[in-house]
Structure formats: structure tokens, C-alpha cells
Amino acid sequence: AEDLLPGRLSTTADYFAQREKHTVTPDVMAHLAFMNYTDFISPFYSRGCAFDAWDIKKTPQRIIKYSLAFYSYGLASVAVTDPKLRPLAAHAVDIATSKMKCKRVWEDWEEDGFGSDPIEKQNIMYKGHLNLMYGLYQLVSGNRKYEAEHKHLTKIIHDEIKANPFAGALCEPDNYFVQCNSVAYLSLWVYDRLHGTSYKAATEPWLKFLKKDLIDPKTGAFYLSFHPESGTVKPWLSAYTTAWTLAMVHGMDPAFSERYYPAFKKTFVEVYDGGRKARVRETTNTPDADGGVGAASAFTLLLAREMGDQTLFDQLLNHLEPPAKPKITSAILNYEAPSNLLFDELLFLSKVHVGFGELLKATPPPARADSQ
Ligand code: N6Q
């Protein structure tokens with residue numbers, strides 16, 4: 001067996017072997033228990049608009065949408081990894097999707113004064129995830145309960161992309177983020193997968209636009225954001241933005257991400273502790289790691305998993321997991337000291353992730369007689 005650092009829960013080899021073995025590691029099972037087991041307070045206890053689990057974790061309201069989304073992407077991977085867990089995983093994605101529509105999740109949009117309809121225009125950081133969740137739910141469950149909403153929202157997103165003078169959609173007015181767009185484009189691919197449509201044709205002009213305007217040519221990294229009214233980019237390169245985007249784009253265009261991955265690693269990843277650990281600086285010209293939103297190492301863990309880079313995955317998990325003090329009590333995993341606002345979500349997702357391209361190949365089970 002590999003030499004496992006204290007505070008690590010399973011070996012990297014075991015995480016990468018889950019799909020072949022059709023079974024998840026014990027700590028992933030304990031993470032699923034965290035998400036589903038404890039009455040009233042687990043995240044997926046009910047489909048109602050209760051958010052006790054996020055209150056306990058002190059997740060800010062604006063972040064809950066990403067929490068529901070990243071849990072769901074991990075659950076979709078669990079569904080295609082272990083056939084016995086597929087019904088539970090699909091059930092939890094259903095609950096996550098249902099919660100995603102609760103006002104608590106999108107009320108920031110109204111409070112910020114941008115309108116009372118969270119999907120009508122912009123807000124791609126919300127509706128991109130919602131659309132991807134609708135699609136992944138149908139893909140892993142075969143249940144068509146969200147199909148009409150999925151169709152409606154896919155059209156809204158595609159029409160908006162087509163109408164904009166740049167390739168993509170905005171988060172807030174005049175705020176464009178590549179990572180949120182990567183979610184939206186991936187959602188078009190899942191829609192096409194389910195319905196044989198060709199919305200994904202919009203992806204090529206988007207990737208061209210990224211190359212031309214939003215990537216720093218020297219490092220292959222993305223600028224933090226783009227502001228179309230002035231045509232400016234904020235001049236800081238962002239590692240979490242780049243890791244998230246390259247991970248999702250890899251599911252659509254592997255060559256694009258493979259082209260930039262080596263430069264990304266060279267620019268942002270710092271291997272330390274004699275090669276046992278690695279951390280990620282959020283931007284260039286800084287010696288410290290995980291600045292900004294604090295999630296550069298955690299999103300790079302997902303990217304390393306997506307790229308099949310077991311060495312970097314292992315080094316990053318050695319950096320991330322032991323200091324977060326994981327405890328498994330009564331078969332339920334809890335992190336006592338998570339280092340960012342999406343910590344357990346991103347570790348869960350990265351541990352089980354089969355690849356966005358692989359998810360796109362998933363085949364829905366036959367619809368049950370009682371589903372519409
Ligand atoms: C407008 C939205 C974003 C820039 C994405 C924020 C992501 C979280 C993880 C900080």
C-alpha cells in the first residue's frame with residue numbers, strides 16, 4: 001500500500017480505481033452519509049427550502065448555489081460509478097435541484113437590485129448550474145420531471161449567448177467570468193446528449209474568444225474577469241478560475257485543456273515538503289497559496305482529477321485534507337477545519353469525479369413507469 005499521510009482517508013490509487021471496481025471508498029461512503037444521513041440537518045434531508053446544513057457550515061447565502069451544484073456533479077459521478085448507489089445519488093441530485101430553485105439560493109439577485117426573476121437575463125453563475133443540474137439529474141435518473149424547465153432554460157441561455165456581442169453570458173451586469181460560462185456551455189452539451197439537439201455548436205466561437213481575449217498568452221491562464229462595457233479585463237490572473245474552467249472545458253474539448261495544463265502547473269503550483277505536498281497560488285507574483293476566494297488548491301484538485309494526474313492529485317490532497325481535521329464518527333464524515341467555503345464539496349467531487357467527458361457519455365436508465 002502507498003504511504004498514507006496521517007489525516008488522509010484513502011489512497012489516491014483507491015480514488016482512481018473506484019469506477020473500475022464499481023464501488024466507492026469508505027470515506028466517500030461516509031461523505032455520502034454526511035450529505036444524506038442525519039435527520040433534519042444533513043444537506044439532502046428534504047426537498048424543502050430548509051438550509052440548516054449550510055447554516056451549520058456557515059456557508060454565505062451567495063455560495064449555497066455552488067455548494068448544491070458541486071455536490072450534484074459529484075453525485076452524478078457516484079451514480080455512474082456504483083450501480084447500487086445510483087438511485088440514492090439520483091435522489092440527492094433531485095433534492096439539490098429542487099433546493100436550487102428556493103429563493104434562499106437566488107435572493108442575492110433580487111437584493112442586489114437586478115430583478116425578481118433569477119433566470120430571465122444574466123445571472124449565469126446561478127442559471128448555468130441550475131441548467132447543468134436539470135440535465136445531469138435526467139441523465140443519471142432517466143426521470144423527466146425537470147424536462148420542461150430544462151428545455152426552457154437551455155433556450156434562454158442559448159438565446160442570450162447568441163444575442164451578446166461577445167461569446168457567452170454575464171453574471172452580474174458588465175461582469176463576465178469564464179468559469180461560470182464553462183458551466184453554461186457544459187449544460188448545453190448535456191442537453192444535446194439527452195435530446196440530440198446541437199446547441200453545443202456555440203462552444204467553438206466561445207473557445208476562440210477565450211484564446212483571443214481572456215487568456216494571458218505567456219502563462220495560458222485566465223484573467224479574473226472581463227467587463228464588456230469598457231472592454232477591460234482585471235489584470236490579475238486567477239488560478240481557481242483557470243482550474244475550474246480547464247476542468248470543465250476538458251469534458252468538451254480535451255485538446256484545449258491539455259494545451260494549457262502544463263503552463264498552468266508551472267505558473268501556479270508549488271510542490272513542497274520534499275515532493276509530498278503541493279499548494280496553488282491564486283495569482284502570479286505572490287509567494288503564498290490559496291489567496292482570493294481561498295479555493296485555488298481545491299479547484300486544482302478537481303482539475304488534476306479531470307486530467308488523470310494522480311501525482312498532483314495526491315500532493316494536493318496531502319496539502320488540503322489533513323489540516324481540515326476529517327473525523328468519521330458513526331460512519332459520518334465531518335471536516336472540523338475546512339479551509340474554504342466549498343471545501344467538503346470540492347473534496348467529495350474530486351475524489352469521485354469520473355470526468356466531465358465521461359459524464360456526457362452516461363446513458364440514462366430506462367424511465368420508470370411512474371415517472372413522467
Ligand atoms: C460571479 C460568480 C463568480 C465569480 C464565481 C464565484 C465562485 C465562488 C466559488 C467564489
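Both ligands and their constituent atoms are indexed starting at 1 by order of listing. Side-chain atoms are counted along with the backbone in the values below, which use heavy atoms only and exclude waters and symmetry mates. Nothing fancy with the numbering, it's 1 onward along the sequence.
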> Has the side chain of Gln18 got a donor or acceptor atom that lies under 3.5 Å from a matching backbone atom of Thr25?
Replying inline: yes
So the atoms of ligand 1 within less than 4.0 Å of a heavy atom of Cys180 turn out to be 2 (C), 3 (C), 5 (C)
Quick note on ligand 1: atoms under 4.0 Å from a heavy atom of Leu342 include exactly 9 (C)
From the list Glu160, Glu120, Glu149, salt bridge (charged side-chain N to carboxylate O under 4.0 Å, His left out) with Lys127 holds only for Glu160
From the list Arg19, Glu358, Glu306, side-chain hydrogen bond (donor to acceptor under 3.5 Å, both in side chains) with His353 holds only for Glu306
Ligand 1 to Gln179, heavy atom cutoff 4.0 Å, flagged ligand atoms 4 (C), 5 (C)
Nearest non-hydrogen protein atom to atom 1 (C) of ligand 1, with distance, is Cys171 SG, 3.5 Å
> Once the angle between the rings of Phe70 and His129 is folded into 0 to 90°, is it parallel (under 30°), tilted (30 to 60°) or perpendicular (over 60°)?
Replying inline: perpendicular
Taking the two cysteines Cys102 and Cys49, decide whether their SG atoms are closer than 2.5 angstrom. yes
From the list Asp309, Val280, Val271, Thr12, side-chain contact (heavy atoms from CB on, under 4.5 Å) partner of Leu316 resolves to Val280
If you scan protein heavy atoms around atom 10 (C) of ligand 1, the nearest is Val293 CG1, 3.6 Å
Ligand 1 to Trp244, heavy atom cutoff 4.0 Å, flagged ligand atoms 7 (C)
min-distance protein heavy atom vs atom 5 (C) of ligand 1 -> Tyr66 OH, 3.6 Å
A student checking ligand 1 against Phe177 at a 4.0 Å heavy-atom cut-off should list atoms 1 (C), 4 (C)
